[in-house]
Every structure is written in structure tokens, then in C-alpha cells.
Number of protein chains: 2
Amino acid sequence: MRRSARRPTIKDIARRAGVSQSAVSFALNDRPGVSPATRERVRRVAEQLGWQPSTAARALSGEGAATVGLVLARPARTLGVESFFLRLVSGVQEALAERRLGLLFQVVEDVAAECEVYRRWWAEHRVDGLLVVDPRHADARPGLLDSLGLPAVIIGGLESGSADGAAEYPAISELRTDDAGAMASIVDHLYQLGHRRIAHIAGLPELAHTRRRTHSLREAAGALGLTEVRSVSTDYSDAQGAAATRAVLDDARPPTAIVYDNDVMAVAGLAVATERGLAVPGDLAIVAWDDSVLCRSTHPGLTALVRDTGAFGRRAATALLALLDGEPAVHVLDERPRLTPRGSTVPLAASRQAHGKALGS
Amino acid sequence: MRRSARRPTIKDIARRAGVSQSAVSFALNDRPGVSPATRERVRRVAEQLGWQPSTAARALSGEGAATVGLVLARPARTLGVESFFLRLVSGVQEALAERRLGLLFQVVEDVAAECEVYRRWWAEHRVDGLLVVDPRHADARPGLLDSLGLPAVIIGGLESGSADGAAEYPAISELRTDDAGAMASIVDHLYQLGHRRIAHIAGLPELAHTRRRTHSLREAAGALGLTEVRSVSTDYSDAQGAAATRAVLDDARPPTAIVYDNDVMAVAGLAVATERGLAVPGDLAIVAWDDSVLCRSTHPGLTALVRDTGAFGRRAATALLALLDGEPAVHVLDERPRLTPRGSTVPLAASRQAHGKALGS
DNA sequence: GTCGGCAACTAATGCGCTTTAGCATCGAGT
DNA sequence: ACTCGATGCTAAAGCGCATTAGTTGCCGAC
């Protein structure tokens, strides 16, 4: 078995450059105390040897682990089609790469396990900061991370209420999604198409954004004088999406438009509608929250709320970098997603009015 | 700004337990040299203090970084619906969790960047081993990792040819997918349904498994005396899947069955068929390689090749753990995925024979 | 009764790096 | 001429752990 090549250390560089180790350290970290000539020479030797600082040694001497963590708490069952995360992570990495930060990623079953991971990572000195996803109502994680002194960015934002721009915790930022604005744009869109009865097939009720969307639907509908709106919560799965669709369609006064909290359920809902002989968009309009290839592959294509998930991740990571640099925590609102109309919602004039039954009062 | 609580160290434990630091180290690492009583006492103190070994310190004293790496080389554009990876990673973590190993995850644009990441991780001492995905024809990565002395598991396996069980590199294992067996089962299934002209909408041509599948299709078809089979390669996107579908359907003698290398393209292909007025499965049978919610949400449901991706990831991680323990590299063949028939392929008797045109000669 | 040998520990070293303290050297100021 | 203060460097300590080389105390063997 061939031995692995030894990694070069600053000692090797020092020897080759004919200086002390500390001089090398100064030179490579842009610290004063070395002449420009020496600095340049050391740099060249380091380059030539392919030297990279050992993160372990750096971490040990107090520099931090050069790593941020991201834990995804999802039961394995729910990991279905999840285009969101990979794109988010991809964006995150773009921002992290500039600082050569690594991303420690873990999938766990639930939030309790997630908290354990945070504790362990903290004690093990593994991460400098965290990206927290799927914020929940009365979320215990920000408090925990604050007490551990780990900077973090809450991706998605916590509650709807405290949009004050002030930080509750000194080292925990929030990147909020504009759920209220997005929901308003959906409701407006549907209203203008003539819809008066709207159902919202939501995701997990404990998630903060589910609560925000549910709340915003009621607000937006109220502003337009609509009373026949309802939200039903699910676990985001196609099965529950289909079941919820059947439930709302079985209503005495069924909705003429359904808003789904993810693409998977929207597609499942479309299947249910087809199964029942309901024409989409003629008898039922469908809107999906979050676009993906699914929304484009169906017949008709599904009107969807499009956001640039990569950019979202990039902004979240950038916010974390700012925290790591010691800047104060911020609460920022992300840009509003755009509603992209497709075949599943169509102006009244173009829809099959002839049926008469298509739209509510 | 509140200071973060100090992490307990082995020194704290030593002080509280009234022994030396080395005794603590021995006690906690199950090394001889301490009495059972002392060992127990030290353990209790450690527990009480919530002590966890600092990975940085461990790594520095030669114990490895307690981390494995996984790099995904995909242009951001291609990160569409990718249920496979999250499930794979989820499985990987289950196996890693037992040893408290972390997973360093990175998304990059291409294989060149991937290799750079490997080099950097090696130099930075960040990982003990790697999981390599998307193995390619004439892949440079195994050679690189071997020269760096980093153990690795090639997920999916390299070439079809060298099924000799022997390892080319001493610390690089392969977990092969049984593409040949799976393709044979698909072809058999279609053959028994009466199909004689089969098209294969493949993925990226440079991927090893694409080559294996393409090759296996020819083999399996040849064994049954079928000559009218073809493979078309794509980038896995819905767009190219649809385009390839149109291309093969435009053929003078179009296929009566299409096998898609992923679920996204299969759904896109179904949409194309519907668009053209082709009945599925009457006029065209569709098989998807890899199941997901997509295949279940369409009408008809898509016959798919189902594999337990979580278990696959678990096996890969387990193979890596074995390597890290110093066991020799192995080349193992993973279990054959099961073909799950759904509405998109139906026995001849049940399909719309009346049309006559449904099946080829 | 002495000594080898073992059990149970402690002391000390090193991993690769950052950082503080220390040490020459040199030019400028008085 | 001698000091002062930069400047450019080296020596050494320390981060938290594993590990190797002692060090003690005790028991059995001779």
C-alpha cells in the first residue's frame, strides 16, 4: 500500500524559504512584520509546494473551523421531490466559496435531533455558524444557538409579527420570505380572473411560513371582500395533497381555485381534478407555490410562484458571512417571488364560460 | 454581546475528577491504564460537563478529521428535480452517524472544480475519505484520490468491463449498480408485452452508467433478436427529454416503447405523447428509470425502476467506513432495482389492440 | 527481604498553526 | 556618541487531544 503523500506544512515552507515559521505565518496571513521581499518569496514557496493551511490546526489556534453547518430535519419519507434544497445549497455554496468555507450538511429526523446536532457541533468545535431552515412557530432553535454563541441565519424568517428590523438575538439574522406579498399577488390574480372561492392546501402547520401564508390568505381575501377561503394543512406529500384536494372539492361549495404550498401537491391535485372530470383551468384553477420542472411538465402547465432559490441561498450565506465578520444581526425581507401564469389559471374570457358552473357567485 | 459559553476540555474533566489529563484521555477512549472505578468516574464527569472531543484537536493529533466529503458536480441549471441525491445523502448519514462522522458537502460546476475541491480538502486536512458520485468514462478522480491517499467509494461503479472483484486502487472501493440486470428486466418486460421497437432516452453520455445502460440495452435486445433499438443521450433535463422524445417519434419506424433514464424526462416524454395524441400505454409504453412522486402523479402512472436509494447510500457509506478501518477495497454489485409496473406499460391483452397500430411487427 | 513485574497513574511531547514576547539591526534625533 | 523607535525577524507558548515515556506502589516470586 502506497503511503499517502505528506501534506506540506509551514515548517516545510520555512525551511525552503530560509525563514522562521512565524515569518511564514505572518507572510501568508498579510500580517505586518515581514519585508515585501520575504513575503513574496514565502508566497512563492507556498504556492510551489501546494500548501494549504490545515483547518484543524487553524481551528485549534482559535481561528474557527472555517465551516458552517446546515441541518435538514425531515423524516426520510418526506424527502421526496425536493428541488428546493439542492438549489438553495448550491446558492449557499457560491457565497461560501469566496471565503473557502466548507458546508457541513446533515439530514435528521426531527427538530429535537437537529438541536442535538447543534450541541454536538458546538462542543466539537466543528462549525463557526449555522444556516437554519424550516423555521417554526415557537422555535427553540434560535434560543439554543444564541446560548451556544453560534451565529446563525434563519432562512425564511420566524414570525410574521415582529417585522421591526431589530434583532432579538445579537448574532442571529433572519432572511424573511415575503409570503404576505406573494399570497396577495396570488389572490389578486385569482380575483381578477373571477374566482371568489379559494382553497389553500398548505404544508406543515408548525412551519412559520405556513402560518404566514395561511394568515396572509385570510388578510388578502378579506381586503377583497372574499369570505369563502380556507386553508388545509398537510405534510407536503403528494398523498396528503391529493387527499386534501378531494376534501375541499367535496365541500358543499367547492373552491374554483386552489393554491398549493408546493409543486408536488399541485401536481397531485391536478391529477385528482382530472380524475374527477374537472377541467383545469375551466372548472378549477391551480396555483403552485414554487416552480419546478413538474409545473412545466403537466397539461396544462401550472401557474407557479417563481423565486430564484439559488440567489436566495446566496443571500442567506452572505448574511451569515456578515455575522461571522462581527457585523450586527439583521432582519431582512427577501424579494417577492414572481407569479408566472401558465395554463392552469386563465383569464375569464379565455376559460370555458359556456359551462356556466365554472365560477362561483 | 454575551460571550459564548466556553467549551469544556479534557483539562476541565481532569481537574474535576482529580486525575491527570492523560488518565482522562485513556478513560474516555477505552484504553488500558485506568482502573474501572476511575474510568467510570471520569465518564460521569465528562457526561455531566457535556464534553465532546474537539474534532480540531483530534484531527491535529493524527486521528483524522472525523469527516467524509461528497462533491456534486452539476451545473446549477441541472439541479432541477433531484430527489435521488437527498435520499442518497439521507441514507449516507444514517451510516455515518454511528461513527459520529460529519459530511462535508459541496456543489460545484464541473469535474475539474471537483478535483480542485478534493485537492484542497486533502491539503486542508478536512476529510478522511470521500464518496464519489456520477462516475464517468475515463474518470480522473479515482487516480487523483489514490495519489492523494484519500480512501473513497465510487458510487455507481466505474466501467462495466472489469467486474473482476479485484481493486485497481488499494483504498478505492466501488459500489456498482446493476444496470445490466435492470436494463435486461426492462427489456424483458417490454418484450413480453409485445414491444419490438424500443428507444432509450439516456442521460449524459460521459457518465459510466449511461454507457452501461446503453450497452446493456443492445445486449439484452440482441439476446431477444430485437434490432430496432436505439439510445439517445441528453442532459437529463425535461427540455432535452422532450426534444429527444419528439426526435425518436419522428422516426420512420417510431418506437412503441421508450425507456427514460430519469423520472423528469419520462414525465416530459409523457407530455409529448399526450400532445401528439398518442395514447399511453396504448400507442406508446413508457418506463422511467428511478421512481419518484412524479411517476405516481401522472395519468397514467409511470412504470418505474424502483430502488431503495436510502439503503444504497447506507451501503456506500458503510463501504467507506470499512476502508477507513483499514479494510481492503472491494468492488461490490448492489442489488438489482425492481421494476414496478404501472399504467404506462400494460399487458398486451389489456392495451388497446383494436387500433392495430399500437405495436410493431 | 529483595527484586522483577504489573497496574494505575502522571509528565511530557508533538500535531500545525497563530500569536506574544523577545532580540538584533539600523536610521534618525538630540 | 548614545538613545529611541521602528523594522524585520526568531523563539517560544499555547490551542485540545493522543501518545509515549516515565513514575509510583504493590504483590508475588525467589
Side-chain angles (χ1 to χ4, degrees), chain A residues 4-43 45-46 49-67 100 120-126 128, chain B residues 4-43 45-46 49-67 100 120-126 128:
Chain A
S4 103
R6 204 173 63 82
R7 297 157 177 82
T9 73
I10 56 171
K11 195 185 261 175
D12 301 320
I13 301 176
R15 201 177 314 124
R16 298 266 282 247
V19 292
S20 70
Q21 295 183 35
S22 3
V24 174
S25 180
F26 292 148
L28 295 174
N29 292 301
D30 284 321
R31 283 203 156 46
V34 280
S35 65
T38 307
R39 193 181 298 275
E40 193 44 46
R41 182 158 40 95
V42 168
R43 281 221 183 100
V45 175
L49 259 49
W51 176 87
Q52 298 282 109
S54 152
T55 48
R58 276 238 163 108
L60 200 52
S61 43
E63 285 298 278
T67 307
R100 331 196 94 207
R120 189 154 57 76
W121 280 356
W122 169 77
E124 290 181 347
H125 235 98
R126 266 186 186 276
D128 301 327
Chain B
S4 101
R6 203 175 64 82
R7 297 158 176 81
T9 73
I10 219 176
K11 195 185 262 174
D12 300 319
I13 301 176
R15 200 177 316 120
R16 297 268 281 249
V19 292
S20 70
Q21 296 184 34
S22 2
V24 174
S25 180
F26 291 150
L28 296 173
N29 291 299
D30 284 322
R31 286 210 151 44
V34 279
S35 65
T38 306
R39 192 181 299 272
E40 193 43 45
R41 183 159 38 96
V42 168
R43 281 220 182 102
V45 174
L49 260 50
W51 176 86
Q52 299 282 112
S54 150
T55 48
R58 276 239 162 111
L60 201 52
S61 45
E63 284 296 279
T67 307
R100 331 198 91 204
R120 190 154 55 79
W121 281 355
W122 169 78
E124 289 180 347
H125 235 97
R126 264 186 186 276
D128 301 327

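What you are looking at is a predicted structure, and each value in this text was computed from that prediction instead of being measured. Within every chain, numbering begins at 1; the chains are lettered A, B, ... in the order of the sequence lines, protein sequences first and strands thereafter.
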**Complete:** With sugar-phosphate taken as primed atoms, P, OP1 and OP2 and all else as base, the protein-contact string of nucleotides 4-17 of chain D at under 4.0 Å (heavy atoms; B, S, -) is ----BBBBB-BBBB

**Fill in**
Between the CH2 atom in B:W122 and the CD atom in A:Q52, the distance rounded to the nearest 0.5 Å is 9.5 Å

**Request:** Specify the separation, in whole Å, of atom CZ of B:R31 and atom C1' of C:dA8.
**Result:** 16 Å

**Asked** For residues B:T38 and B:S35, is any side-chain donor paired with an opposing acceptor at under 3.5 Å?
**Response** yes

**Prompt:** Donor-acceptor pair, B:T55 side chain versus B:A65 backbone, under 3.5 Å?
**Reply:** no

**Asked** Atom CH2 of B:W51 and atom CD1 of B:I10: how far apart are they, to the nearest 0.5 Å?
**Response** 5.5 Å

**Message:** Applying the side-chain contact (heavy atoms from CB on, under 4.5 Å) criterion to A:V24, which one of A:I13, A:V34, A:N29, A:V45 satisfies it?
**Reply:** A:I13

**Message:** So does B:R31 get a backbone contact from the side chain of B:R39, meaning a donor-acceptor N/O pair under 3.5 Å?
**Reply:** yes

**Prompt:** Between B:D30 and B:R43, is there a side-chain N and carboxylate O pair less than 4.0 Å apart?
**Reply:** yes

**Complete:** Axis-to-axis angle for the helix from C:dG1-D:dC30 to C:dT30-D:dA1, ends of five pairs each, to 10°, equals 70°

Could you pull out the protein-nucleic contacts involving nucleotides 25-27 of chain C (nitrogen or oxygen on both sides, under 3.5 Å)?
none

**Spacing of A:I13 atom CD1 relative to C:dG16 atom C1', expressed in whole Å** = 11 Å

**Asked** Just how far is it from atom CZ of A:R15 to atom CG of A:L49, taken to the nearest 0.5 Å?
**Response** 9.5 Å

**Prompt:** Would you say the side chains of B:T67 and A:R126 form a donor-acceptor pair under 3.5 Å?
**Reply:** yes

**Request:** Nearest 0.5 Å please: distance from the NE2 atom of B:H125 over to the OG1 atom of A:T9.
**Result:** 11.0 Å

